[in-house]
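To find a chain, count down the sequence lines: A is the first, B the second, and so on, and within it residues start at 1.
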There are 2 protein chains.
Amino acid sequence: MAAIGRLAGVSQVTVSRALSDPSKVSTDTLRRIHEAIEQTGFVPNALAGALVSRKSRLIGALVPSITSIVYSAMVQAFGERMRARGYQILLSETGTALEDEERAIMLHLSRRPDAMMLTGIHHSPKARKILLGAGIPVVELWDITESPIDLCVGFSHGAAGLAAADFAADTGHDRAALVHAGDERALRRKDAFAERFRQRTGGNVVEINLNAPASLGQGRLALSRLIGEFGFEKGLIFCSSDLLAHGVVTEAQTRGLRIPQQLAVMGFGDQEFAAHVEPALTTLSVDREALGWRAAEALLSRIEGGQADRSIIDLGFSLVRRKSA
Amino acid sequence: MAAIGRLAGVSQVTVSRALSDPSKVSTDTLRRIHEAIEQTGFVPNALAGALVSRKSRLIGALVPSITSIVYSAMVQAFGERMRARGYQILLSETGTALEDEERAIMLHLSRRPDAMMLTGIHHSPKARKILLGAGIPVVELWDITESPIDLCVGFSHGAAGLAAADFAADTGHDRAALVHAGDERALRRKDAFAERFRQRTGGNVVEINLNAPASLGQGRLALSRLIGEFGFEKGLIFCSSDLLAHGVVTEAQTRGLRIPQQLAVMGFGDQEFAAHVEPALTTLSVDREALGWRAAEALLSRIEGGQADRSIIDLGFSLVRRKSA
DNA sequence: TTGTAAGCGTTATCAT
DNA sequence: ATGATAACGCTTACAA
């Protein structure tokens with residue numbers, strides 16, 4: 001900046017002002033400063049700015065995985081909103097291990113973000129403590145709790161499981177299978193499903209825990225195992241994601257099983273392809289864009305406004321009935 | 001750090017040393033320093049560290065979209081490798097507009113990243129200039145060129161299109177259709193395909209430009225349009241992504257068209273589901289993990305070693321023949 | 001093994 | 001409208 005100042009015949013401070021608040025600088029010097037910037041290819045150092053102003057315009061974001069559309073669509077909406085307001089996203093994948101998340105949180109906090117976004121409400125005690133101590137807005141996504149670190153935006157996974165179980169019971173099924181990838185929130189949905197379904201129908205519930213990232217192939221495998229291990233060829237299958245459901249449907253068709261008459265299949269997430277699969281998937285719809293968008297809004301109002309928004313935001317879900325169940 | 005020093009009975013510098021190079025500090029003071037850190041919940045300020053050391057341990061990454069598995073799988077591999085070596089990823093989505101990418105590059109550079117990763121080899125002249133001026137390693141991904149900004153890791157999209165056309169001709173097709181989402185690299189593949197296919201077979205090539213993000217629904221729509229607008233019910237369809245190919249296959253099955261006898265379908269990317277779709281997709285396979293991984297390695301050796309790796313890295317592609325063509 | 005001093009490139013504060 | 005000066009919280013010499 002000092003060099004730009006010399007070129008433009010002003011001091012370093014004036015250059016700083018020209019960039020951060022042009023209204024405080026005369027149009028003539030403004031022009032000379034921009035010319036000098038153009039010539040030199042000067043790019044201001046945001047590290048120095050953040051250090052002294054204590055505002056980094058950086059938002060830390062932690063997701064289990066970036067390749068799952070479930071998270072990436074949410075991060076996309078979140079990031080878009082944040083970028084529009086002049087913030088950048090420092091993104092890390094944490095996997096599912098709490099200690100990895102804790103480490104990532106420390107790393108993020110060392111960059112002094114203006115706010116943090118976390119996935120889920122399940123964190124290590126130390127992570128909570130450090131986050132609280134950081135004194136910045138924090139939003140937890142995808143789930144709700146009575147005691148968020150600061151803010152949370154999501155929906156009740158227990159309620160989602162109950163809704164799926166009620167649908168299964170209402171549509172006359174007395175056998176059900178649960179197929180999931182083993183993540184914490186999916187487990188809560190399936191536990192709620194199992195309890196409610198047994199309660200209402202007295203029927204049997206079997207379960208396949210794939211313990212692997214959800215994929216079409218894993219979905220096909222799940223149905224094969226369901227048939228091989230449990231002789232499950234009639235009933236409703238509740239999958240922890242649409243991708244798994246799509247795999248189950250594909251495998252069922254290959255085997256000549258009729259959907260939904262013989263096998264009813266429910267997914268979760270209402271991803272783009274859900275409506276276009278043949279037969280179209282019945283699923284629990286979650287608005288992932290709204291999730292990211294609302295989280296961004298809530299953080300922004302905390303960062304800039306003071307507080308405003310309430311701290312527990314339940315976005316709910318809806319059951320979309322299509323052809324597969 | 002000064003406060004930690006006071007608690008541990010040492011100076012601020014010793015605390016700094018304890019954190020950056022523990023071997024330079026006696027085990028006893030090291031212990032006292034860590035106790036003090038534990039008590040206070042101190043998190044070092046990486047902004048200050050980066051400012052003076054001129055090393056941010058930050059890598060800027062620019063992708064068109066994070067929700068496309070094509071890019072997210074690559075970024076995942078890239079980020080994993082970088083994190084393992086102590087770097088964090090500043091990620092931005094740039095869409096397809098060059099001016100947006102340019103703006104994002106400026107923003108990233110202001111944070112003084114130790115290196116930058118860009119998608120594609122097509123950038124604005126100003127972007128090139130600024131990047132060059134930044135004096136940091138830059139890697140361009142997904143494509144190769146004789147004149148990269150610094151490094152490039154990818155493969156020839158022209159060659160990929162030729163390979164697909166040769167396959168189509170070799171398997172006896174004399175009509176072909178191209179379905180694509182309109183992105184720059186897909187256009188280069190389809191242009192190469194069209195030219196080679198016409199040259200070899202003299203046959204007709206029709207084209208659908210969806211001008212929308214690739215999706216299952218768009219793939220179904222594409223086949224509907226192909227049939228409606230061109231009466232295309234026999235021949236080979238080369239799609240710019242597996243997702244579109246999957247949509248075409250789904251629509252074909254719904255309409256009772258036989259694959260591959262009547263309609264042969266080729267995808268691009270060899271995504272996870274490609275092998276599990278029914279019928280399994282014939283596609284051009286690109287190793288997205290290797291792409292990210294090699295890009296990270298190349299940058300790392302430039303950052304830390306000096307130079308080492310050669311600057312144009314062609315990872316190639318392969319044609320995977322399955323059932324759909 | 002530890003400490004002192006200088007300075008990284010900005011913004012904030014107070015003058016002019 | 002502009003400038004001088006003092007931080008911000010670290011790392012890097014250099015010294016003890």
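Residues from residues 21-31 of chain B that place a heavy atom under 4.0 Å from any atom of DNA chain D: there are none.
H108(B) is linked by a ring-ring contact (aromatic ring centres under 6.0 Å, His included) to nothing, counting only residues two or more places apart in sequence or in another chain. Partners of N45(B) by side-chain hydrogen bond (donor to acceptor under 3.5 Å, both in side chains), not counting sequence neighbours: none found. Here D150(B) pairs with R302(B) under the salt bridge (Lys or Arg N to Asp or Glu O under 4.0 Å) rule; sequence neighbours left out. In this view, V75(A) and V63(A), L91(A), I66(B) satisfy the side chain to side chain contact (heavy atoms under 4.5 Å, CB included) rule, not counting sequence neighbours. Scanning for side-chain hydrogen bond (donor to acceptor under 3.5 Å, both in side chains) contacts around S68(A) gives an empty result, with sequence neighbours left out.
End-to-end axis angle of the helix from dT1(C)-dA16(D) to dT16(C)-dA1(D), using five pairs per end and rounding to 10°, comes to 30°.
The side-chain heavy atoms of H157(A) and L187(A), taken from C-beta on, include no pair separated by under 4.5 Å. A 4.5 Å side-chain heavy-atom check between I37(B) and L7(B) finds every atom pair outside the cut-off.
Pairs of residues two or more places apart, or lying in two chains, that qualify as side-chain hydrogen bond (donor to acceptor under 3.5 Å, both in side chains) and include a residue from residues 48-63 of chain A are S56(A)-D114(A). Pairs engaging residues 33-43 of chain A under the side-chain hydrogen bond (donor to acceptor under 3.5 Å, both in side chains) rule: R31(A)-E35(A) [sequence neighbours left out].
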For residues 116-129 of chain B, which side-chain N or O atoms pair as donor and acceptor with protein atoms under 3.5 Å away, sequence neighbours left out?
from: T119(B); atom 1: OG1; to: L62(B); atom 2: O; distance (Å): 2.8
from: H123(B); atom 1: ND1; to: E101(B); atom 2: OE1; distance (Å): 2.9
from: H123(B); atom 1: ND1; to: E101(B); atom 2: OE2; distance (Å): 3.0
from: H123(B); atom 1: NE2; to: G120(B); atom 2: O; distance (Å): 2.8
from: H123(B); atom 1: NE2; to: E140(B); atom 2: OE1; distance (Å): 3.0
from: S124(B); atom 1: OG; to: E102(B); atom 2: OE1; distance (Å): 2.6
from: S124(B); atom 1: OG; to: A127(B); atom 2: N; distance (Å): 3.0
from: R128(B); atom 1: NH2; to: S147(B); atom 2: O; distance (Å): 3.3

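Between the side chain of S26(B) and the main chain of T29(B), a donor-acceptor pair closer than 3.5 Å is present.
Expressed to the nearest 0.5 Å, how far CZ of F155(A) lies from CD1 of I313(A) amounts to 15.0 Å.
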Q. Base, backbone or nothing for each nucleotide of nucleotides 7-16 of chain C, written B, S, -, heavy atoms under 4.0 angstrom, 5' to 3'?
A. BBBBBB----
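For DNA chain D, the span of nucleotides reached by chain A at under 4.0 Å from its heavy atoms goes, 5' to 3', from dA1(D) to dG9(D).
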